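Computed from a predicted structure; not experimentally measured. No hydrogens, no waters, no symmetry mates; every other heavy atom, side chains included, goes into these values. Order of the sequence lines sets the chain letters (A, B, ...), proteins ahead of strands, with each chain counted from 1.
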2 protein chains.
Amino acid sequence: MTTQAQQIINLDKLKQYAAAKAVQLVESGMVIGFGHGSTAIHALHGIAQRFKEGSLRDIRGIPCSRHIQAEAERLGLPLVTFDDIESIDLTIDGADEVDTQLNVIKGGGGALLREKVVAQATAYEVIVVDDTKLSPQLGKRWPVPVEVVPFALRPVSAFITELGGRAQLRETSTGGALQTDQGNYVLDCHFGPIANPEGLALQLGEKAGVVEHGLFLDLTSEVIVAGAEGVRTLKRNARP
Amino acid sequence: MTTQAQQIINLDKLKQYAAAKAVQLVESGMVIGFGHGSTAIHALHGIAQRFKEGSLRDIRGIPCSRHIQAEAERLGLPLVTFDDIESIDLTIDGADEVDTQLNVIKGGGGALLREKVVAQATAYEVIVVDDTKLSPQLGKRWPVPVEVVPFALRPVSAFITELGGRAQLRETSTGGALQTDQGNYVLDCHFGPIANPEGLALQLGEKAGVVEHGLFLDLTSEVIVAGAEGVRTLKRNARP
């Protein structure tokens with residue numbers, strides 16, 4: 001086995017550890033947000049196992065993407081929509097980059113709009129990551145994904161350039177522009193280290209054609225991080 | 001003829017007068033935003049007539065809705081998209097409510113997203129209205145339309161209530177939820193007089209699931225108003 005393949009397997013192990021810790025936070029009777037992405041799906045499997053064993057009862061899930069919805073259905077988990085519920089008790093989701101304030105960049109998986117709708121409706125948002133995602137400053141390691149209506153692709157790209165960023169249209173693995181669950185495009189916007197994430201979020205929020213962006217600020221309650229030395233928990237307003 | 005029918009005809013005459021005045025601002029060689037709605041369509045017809053007569057040459061238009069695109073095509077006007085152009089010289093569009101600062105509420109016609117994308121890319125935005133649209137304060141006469149992704153209808157409605165508004169799902173004339181050109185819903189949000197439109201715009205911009213809203217602030221260069229006493233022009237930073 002090559003060293004690179006071994007590293008990928010190790011990283012996936014870390015994701016599993018972090019997800020398993022998050023699954024312990026789930027209680028019977030909860031409405032749960034099911035996040036999208038490679039770490040969140042481990043949590044989904046953990047929840048399904050506890051549900052099957054009977055240690056979790058009367059739970060209802062709300063999925064952050066069509067992909068996760070299909071997987072949750074396959075696992076036999078009870079699903080609801082916002083037509084059925086008012087708020088979400090707990091969401092377990094992944095992230096691409098996490099800063100020391102527990103602000104995160106999300107959207108590497110392309111589901112940032114639903115992930116943010118769910119996060120904003122969630123009482124306790126848990127982010128599960130391996131420790132390669134920790135960062136001293138957002139933007140250092142990851143671009144900010146921006147979901148854009150097709151009609152506005154050019155003006156929004158020009159706007160990102162005006163803001164000092166570089167916008168790159170996300171493509172599928174087979175080439176061609178990736179389409180989100182809503183039929184929009186994703187621009188991966190490379191800003192470098194972001195000095196003022198709140199200001200950038202406001203500017204992106206005011207730009208017509210931007211459906212949503214991957215800066216999730218002041219939304220995280222707890223980050224569960226798995227690294228070589230074990231699993232640790234970072235809470236808001238606590239020293240990491 | 002009933003008095004009411006007479007009033008509607010008179011109102012349409014006023015819209016025609018305002019639109020005719022705006023059409024005089026169009027020059028050969030311009031890229032023009034074609035607004036959506038009952039007043040803007042009069043302008044479209046006026047532009048088409050000047051184009052046909054030859055007093056306007058080498059113009060290119062960018063439509064704010066599929067409806068206007070079809071009408072412009074029918075009239076034989078040359079159309080472009082944002083793939084072809086970088087910016088727009090002049091846009092002529094309608095509005096539902098215009099305040100003394102020339103801030104406006106738009107979106108009664110359901111095309112607010114494209115209208116705002118076009119307005120933000122426009123060097124000189126002209127709003128044409130009859131004088132029933134003038135208002136001392138936004139929100140006094142008209143709700144703020146908010147375009148929402150279907151997935152987020154409930155959480156966004158709850159958010160409008162939290163902000164002190166009342167959200168009403170817009171329906172088609174035959175019943176059933178109206179769908180925008182992007183396949184989204186429109187919530188007409190009744191706030192009453194809006195003391196701080198900028199603050200409300202920021203709050204709406206930060207809410208996930210809100211694709212766009214009908215507050216168009218600091219975007220209007222000139223308002224052309226037709227009333228019983230004639231047509232007058234209001235310019236930004238000038239006393240109305």
Side-chain angles (χ1 to χ4, degrees), chain A residues 62-66 69 80-88 106-107 111-122 147-159 161-162 180-184 198-199 201-219, chain B residues 62-66 69 80-88 106-107 111-122 147-159 161-162 180-184 198-199 201-219:
Chain A
I62 188 159
C64 286
S65 69
R66 288 188 190 164
Q69 179 172 347
V80 286
T81 72
F82 282 112
D83 289 338
D84 310 303
I85 54 127
E86 293 275 316
S87 63
I88 299 166
K106 288 176 56 53
L112 66 103
L113 171 59
R114 292 190 190 205
E115 287 175 329
K116 198 181 276 189
V117 172
V118 165
Q120 288 183 349
T122 293
E147 181 165 342
V148 182
V149 293
F151 174 74
L153 187 64
R154 276 285 295 278
V156 172
S157 299
F159 179 67
T161 306
E162 278 171 39
T180 67
D181 280 357
Q182 293 72 234
N184 298 315
E198 290 77 13
L202 288 176
Q203 287 176 303
L204 292 171
E206 292 237 292
K207 184 66 185 172
V210 170
V211 176
E212 200 44 77
H213 59 80
L215 289 168
F216 283 53
L217 310 178
D218 288 329
L219 287 171
Chain B
I62 186 159
C64 287
S65 68
R66 289 189 188 162
Q69 178 171 348
V80 286
T81 71
F82 282 111
D83 289 338
D84 309 303
I85 53 126
E86 294 274 317
S87 63
I88 299 165
K106 288 175 55 53
L112 65 104
L113 171 60
R114 292 190 191 205
E115 287 174 331
K116 197 180 274 188
V117 172
V118 166
Q120 288 184 348
T122 292
E147 181 165 342
V148 182
V149 292
F151 174 74
L153 188 63
R154 277 284 296 279
V156 172
S157 299
F159 179 68
T161 306
E162 278 171 38
T180 67
D181 280 359
Q182 294 71 234
N184 298 316
E198 290 77 12
L202 288 177
Q203 287 177 301
L204 292 171
E206 291 237 293
K207 184 67 185 173
V210 170
V211 176
E212 200 43 79
H213 59 80
L215 290 168
F216 283 52
L217 310 178
D218 289 328
L219 287 171

- request: Return yes if some donor-acceptor pair links the side-chain N/O of B:Glu198 with the main-chain N/O of B:Leu217 below 3.5 Å, else return no.
  value: no

message: Which atoms of A:Leu112 are under 4.5 Å from chain B, going by heavy atoms: the side chain, the backbone, both sets, or neither?
response: neither

Region of A:Asp83 in contact with chain B, defined by heavy-atom distances below 4.5 Å: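 Its backbone and side chain both get close to chain B.
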
message: Measuring from atom CZ of A:Phe151 to atom CG of B:Asp181, what distance do you get when rounded to the nearest 0.5 angstrom?
response: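 Going from the CZ atom of A:Phe151 to the CG atom of B:Asp181 covers 9.5 Å.
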
Among [options], which residue has the highest count of heavy-atom pairs closer than 4.5 Å to chain A?
{"options": "B:Gln182, B:Lys207, B:His213, B:Glu115", "answer": "B:Lys207"}
{"options": "B:Lys116, B:Glu86, B:Arg114", "answer": "B:Arg114"}
{"options": "B:Leu202, B:Val211, B:Leu204", "answer": "B:Leu202"}

message: Does any part of the side chain of B:Asn184, heavy atoms only, come nearer than 4.5 Å to the side chain of B:Val148, both counted from C-beta?
response: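 No - every pair of side-chain heavy atoms lies 4.5 Å or more apart.
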
message: A side-chain contact here means heavy atoms from C-beta on lying under 4.5 Å apart; do A:Ile88 and A:Ile62 qualify?
response: yes

For [X], is it the side chain, the backbone, both or neither that has a heavy atom under 4.5 Å from a heavy atom of chain A?
{"X": "B:Glu212", "answer": "side chain"}
{"X": "B:Val117", "answer": "both"}
{"X": "B:Val156", "answer": "neither"}
{"X": "B:Ile85", "answer": "backbone"}

